[in-house]
Trainee: 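Below is a structure I'd like to ask you about.
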Amino acid sequence: MKRQPRSSPRSAKPLRTVSIIGTGSYVPEKIVTNADLSRMVDTSDDWITTRTGIKERRIAAKDENTSDMATRAALKAIEQAKISPREINLILVATATPDMLFPATACFVQKKIGATNAACLDISAACAGFLFGIEIAQQFITSHTHDTVLVIGAEKLTSITNWTDRNTCVLFGDGAGAAVLRHRGSSHGVISTHIGSDGQYTDILFMPGGGSRCPITRDNVDLNLNTIHMTGKEVYKQAVTAMMDASKKALEQAGLSIHDIACVIPHQANLRIIEAIADRLRIPLERFYVNLDRYGNTSAAAVAIALDEANRSGRIKPGDYILMVVFGGGLTWASTILEW
Ligand code: ACO
């Protein structure tokens with residue numbers, strides 16, 4: 001799909017195309033299996049596998065922070081991109097589990113990788129954050145504001161998991177994924193992006209404590225207000241609708257049909273959600289990249305890790321059209337189509 005570049009009102013220069021020139025990911029060493037969880041709460045491998053598709057997840061060490069995982073993923077992406085960290089103009093870290101409320105986790109990453117010329121900020125869009133980051137990066141690069149942007153999705157979800165709640169503790173894991181974006185000649189990378197939100201649903205997936213509305217107190221911690229709260233069934237329903245709509249919007253904008261897509265990289269929350277989308281889009285499940293059986297739901301890191309794995313394993317090849325589609329708390333949703 002070759003389109004003429006439009007003119008940018010900001011710079012009066014033609015808008016630039018944006019490519020992903022490097023990807024990286026990192027997951028912690030420690031594996032917790034469904035069998036391990038069944039010794040902690042009233043659950044079973046059979047229940048978790050049938051309802052979610054998850055078999056195991058990775059858990060970060062106590063002293064391993066979100067920024068540490070983000071840094072490891074970023075360094076791999078930078079190495080693959082063959083750039084110096086000093087060439088990075090902007091670092092975006094999508095996370096719901098920042099090292100601290102402030103400063104931004106992106107600033108910690110900046111220090112650790114030596115990206116001394118970058119501006120840094122975090123993106124709060126829950127599981128959809130990495131693709132929000134791709135859209136923001138694209139806007140800055142196409143408009144000639146920045147040349148090189150590092151986008152990271154990183155989570156230590158197990159730091160906000162209620163390990164006594166079987167409804168949620170079986171779902172989540174830790175990890176990070178990263179991508180370096182830059183204008184690269186005339187080749188097309190990011191073809192279309194779409195982001196959206198619906199604040200009507202702030203109460204179906206959230207962490208009530210830890211912000212200014214409900215600061216951390218001993219009582220609040222005793223009530224587990226510093227952990228993930230979720231109405232699973234409602235999230236499930238909204239997820240399918242949001243991901244379907246977002247997929248259609250990105251395809252429409254790109255002028256592509258779902259049958260042009262070589263690989264769909266969806267949010268890795270639940271295999272049943274992915275199956276429902278495959279069914280509704282009328283494409284085989286094999287067209288989807290799925291790794292949630294190994295990592296569970298790593299929120300903002302999930303598609304970023306999956307993209308890196310698909311890239312490094314040769315699952316996606318130059319010239320392939322790739323659809324990434326996500327949803328998360330907020331609600332938020334996003335989709336991106338890439339020509340690899
Ligand atoms: N083990 C055994 N039983 C369980 C477990 C468990 N781990 N968890 C719940 N159950 C029980 C429930 O208590 C309930 O029992 P009851 O009928 O006696 O009350 C029964 O299983 C059925 O529970 P449901 O909630 O109806 O199960 P459902 O089929 O909806 O599956 C699930 C639950 C997996 C959470 C599903 O709703 C889902 O995947 N929702 C979307 C979740 C999601 O994607 N969240 C993340 C999105 S964004 C982000 O990552 C931040």
Side-chain angles (χ1 to χ4, degrees), residues 32-58 66 94-98 123-132 153-177 196-198 201-208 210 226-244 246 266-277 290-293 295-306 324-335:
V32 171
T33 64
N34 292 347
D36 294 331
L37 284 176
S38 68
R39 287 187 282 276
M40 293 163 58
V41 286
D42 180 14
T43 190
S44 65
D45 176 44
D46 182 55
W47 193 96
I48 302 170
T49 306
T50 346
R51 300 286 178 130
T52 71
I54 300 166
K55 300 296 283 181
E56 58 189 41
R57 67 289 291 143
R58 301 299 180 104
T66 297
T95 185
T97 47
I123 298 171
S124 177
C127 309
F130 182 71
L131 294 193
F132 272 61
E155 299 284 10
K156 188 172 178 178
L157 285 181
T158 59
S159 68
I160 57 165
T161 298
N162 176 355
W163 293 106
T164 62
D165 176 15
R166 68 177 184 173
N167 290 292
T168 53
C169 77
V170 301
L171 303 174
F172 302 110
D174 302 328
S197 309
D198 189 346
Y201 296 103
T202 47
D203 59 348
I204 63 171
L205 183 52
F206 63 113
M207 187 173 91
N226 58 328
T227 62
I228 300 168
H229 286 51
M230 183 179 75
T231 313
K233 267 204 190 321
E234 188 57 27
V235 173
Y236 185 104
K237 217 169 70 192
Q238 297 299 332
V240 175
T241 311
M243 287 170 84
M244 278 302 297
H267 181 39
Q268 308 284 320
N270 185 319
L271 187 60
R272 286 191 296 147
I273 293 177
I274 297 174
E275 285 169 346
I277 291 163
V290 177
N291 63 11
L292 62 82
D293 51 323
Y295 306 137
N297 179 354
T298 58
S299 186
V303 280
I305 296 171
M324 297 196 283
V325 59
V326 294
F327 76 95
L331 292 177
T332 51
W333 56 84
S335 52

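The first residue in the sequence is number 1, and the count goes up from there. Counting starts at 1 for both ligands and their atoms, following the listed order.
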Trainee: Less than 4.0 Å is my threshold; does some heavy atom of C127 fall inside it relative to ligand 1?
Mentor: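 For ligand 1, residue contact (heavy atoms, under 4.0 Å) with C127 is present.
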Trainee: Mind checking whether S44 has an N or O less than 3.5 Å away from an N or O of ligand 1?
Mentor: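 No, no N or O pair falls under 3.5 Å.
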Trainee: Given I204, V41, T43, which one has a non-hydrogen atom that is nearest to atom 1 (N) of ligand 1?
Mentor: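 Comparing heavy atoms across I204, V41, T43, the nearest one to atom 1 (N) of ligand 1 lies in T43.
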Trainee: Which residue and non-hydrogen atom of the protein lie closest to atom 44 (O) of ligand 1, and at what distance in Å?
Mentor: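 Going atom by atom, the protein heavy atom closest to atom 44 (O) of ligand 1 ends up being A269 CB, 3.4 Å.
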Trainee: Please round to the nearest 0.5 Å and tell me the distance separating atom CE of M207 and atom OG1 of T227.
Mentor: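 Between M207 CE and T227 OG1, I get 8.0 Å after rounding to 0.5 Å.
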Trainee: Backbone N or O of A302 within a donor-acceptor pair of the N297 side chain at under 3.5 Å?
Mentor: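 The answer is no, because no donor-acceptor pair under 3.5 Å joins these two groups.
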Trainee: Find the distance between OG1 (T241) and CD1 (I277) and round it off to the nearest 0.5 Å.
Mentor: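 Spacing of OG1 (T241) from CD1 (I277) equals 9.0 Å.
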Trainee: What heavy-atom pair brings A128 and T332 nearest, and what distance separates the two atoms?
Mentor: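 Heavy-atom minimum between the residues: CB-OG1, 3.4 Å.
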Trainee: How far is atom 39 (O) of ligand 1 from its nearest protein heavy atom, and which residue and atom is that?
Mentor: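 Checking every protein heavy atom, the shortest distance to atom 39 (O) of ligand 1 gives N270 ND2, 2.5 Å.
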Trainee: With no hydrogens and no angle check, is any side-chain donor or acceptor of Q268 less than 3.5 Å from a backbone partner on N291?
Mentor: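 Such a contact is found between Q268 side chain and N291 backbone.
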Trainee: Using the rule side-chain hydrogen bond (donor to acceptor under 3.5 Å, both in side chains), only one of T33, D174, N34, D36 pairs with R57; which is it?
Mentor: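 Only match with R57 under side-chain hydrogen bond (donor to acceptor under 3.5 Å, both in side chains): N34.
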Trainee: Under a 3.5 Å distance rule, please check whether R166 uses its side chain to pair with a backbone N or O of D42 as donor and acceptor.
Mentor: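 Here the side-chain-to-backbone pair exists.
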Trainee: Looking at atom 32 (C) of ligand 1, tell me if a protein heavy atom falls under 4.0 Å from it.
Mentor: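 It does not; no protein heavy atom is within 4.0 Å.
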Trainee: Among Y236, F172, F206, W47, whose heavy atom sits nearest atom 3 (N) of ligand 1?
Mentor: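 Considering heavy atoms of Y236, F172, F206, W47, the nearest to atom 3 (N) of ligand 1 sits in W47.
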Trainee: Take R272 and E275 through the test salt bridge (Lys or Arg N to Asp or Glu O under 4.0 Å) and record every step on the way to the result.
Mentor: CA-CA 5 Å; R272 286 191 296 147; E275 285 169 346; over 6 Å; no
Trainee: Short list, please: which atoms of ligand 1 are under 4.0 Å from a heavy atom of V170?
Mentor: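 That gives atoms 7 (N) of ligand 1.
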Trainee: Can you find a protein heavy atom under 4.0 Å from atom 14 (C) of ligand 1?
Mentor: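 Neighbour list for atom 14 (C) of ligand 1 is empty of protein heavy atoms (cut-off 4.0 Å).
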Trainee: Determine, counting only non-hydrogen atoms of the protein, whether one lies under 4.0 angstrom from atom 19 (O) of ligand 1.
Mentor: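 Within 4.0 Å of atom 19 (O) of ligand 1, no protein heavy atoms are found.
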Trainee: Given the protein's heavy atoms, is any one of them under 4.0 Å from atom 26 (O) of ligand 1?
Mentor: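 Flag for atom 26 (O) of ligand 1 set to true, protein heavy atom closer than 4.0 Å.
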Trainee: Looking at ligand 1, does any of its N/O atoms fall within less than 3.5 Å of an N/O of L171?
Mentor: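 No.
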Trainee: Can you tell me the protein heavy atom closest to atom 43 (C) of ligand 1 and the distance?
Mentor: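 Checked against all protein heavy atoms, atom 43 (C) of ligand 1 sits closest to V235 CG1, 3.8 Å.
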Trainee: Within this structure, what is the CZ-NE2 distance for the pair F327 and H267, rounded to the nearest 0.5 Å?
Mentor: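 F327 CZ to H267 NE2: 5.0 Å, rounded to 0.5 Å.
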Trainee: Number the atoms of ligand 1 from 1 as they appear, then name those within less than 4.0 Å of a heavy atom of L205, with their elements.
Mentor: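 Near L205, meaning under 4.0 Å from one of its heavy atoms, ligand 1 has 47 (C), 48 (S), 49 (C), 51 (C).
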Trainee: Of all the atoms in ligand 1, which lie at a distance below 4.0 Å from a heavy atom belonging to H267?
Mentor: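 What qualifies from ligand 1 is 50 (O).
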Trainee: Looking only at protein heavy atoms, which one is nearest to atom 22 (C) of ligand 1, and how far off is it?
Mentor: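 Here the closest protein heavy atom is R51 NH1, 3.6 Å.
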Trainee: For E155 and T97, which I'm curious about, is there any donor-acceptor pair between the side chains at under 3.5 Å?
Mentor: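 There is such a pair between these side chains.
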Trainee: Quick test: of every protein heavy atom, which one is nearest to atom 24 (P) of ligand 1, and how far off is it to 0.1 Å?
Mentor: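 Of every protein heavy atom, K233 NZ, 3.9 Å lies nearest to atom 24 (P) of ligand 1.
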Trainee: Do E234 and Y201 touch side chain to side chain, with heavy atoms closer than 4.5 Å?
Mentor: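 Yes, close enough: below the 4.5 Å cut-off.
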Trainee: Which of the numbered atoms in ligand 1 are under 4.0 angstrom from any heavy atom belonging to T52?
Mentor: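 Reading through ligand 1 atom by atom, the close ones are 34 (C).
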Trainee: Pick out which of L292, D293, L37 makes a side chain to side chain contact (heavy atoms under 4.5 Å, CB included) with I54.
Mentor: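 Only one option passes, and that is L292.
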Trainee: Among T298, V240, N167, which one puts a heavy atom closest to atom 9 (C) of ligand 1?
Mentor: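 The residue whose heavy atom sits nearest atom 9 (C) of ligand 1 is N167.
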Trainee: Please report the interatomic distance NE2(H229) to CG(N167), rounded to the nearest 0.5 Å.
Mentor: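 Reported value, rounded in 0.5 Å steps: 11.5 Å.
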Trainee: What do you reckon, does N297 have a nitrogen or oxygen under 3.5 Å from a nitrogen or oxygen of ligand 1?
Mentor: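 Min N/O separation from ligand 1 is below 3.5 Å for N297.
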Trainee: Report the member of R166, Q268, E155, M230 with the shortest heavy-atom distance to atom 35 (C) of ligand 1.
Mentor: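 Residue with the shortest heavy-atom distance to the ligand atom: M230.
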Trainee: Suppose we measure from atom 41 (C) of ligand 1 to each protein heavy atom; which comes out shortest, and what is that distance?
Mentor: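 It is G232 O, 3.5 Å.
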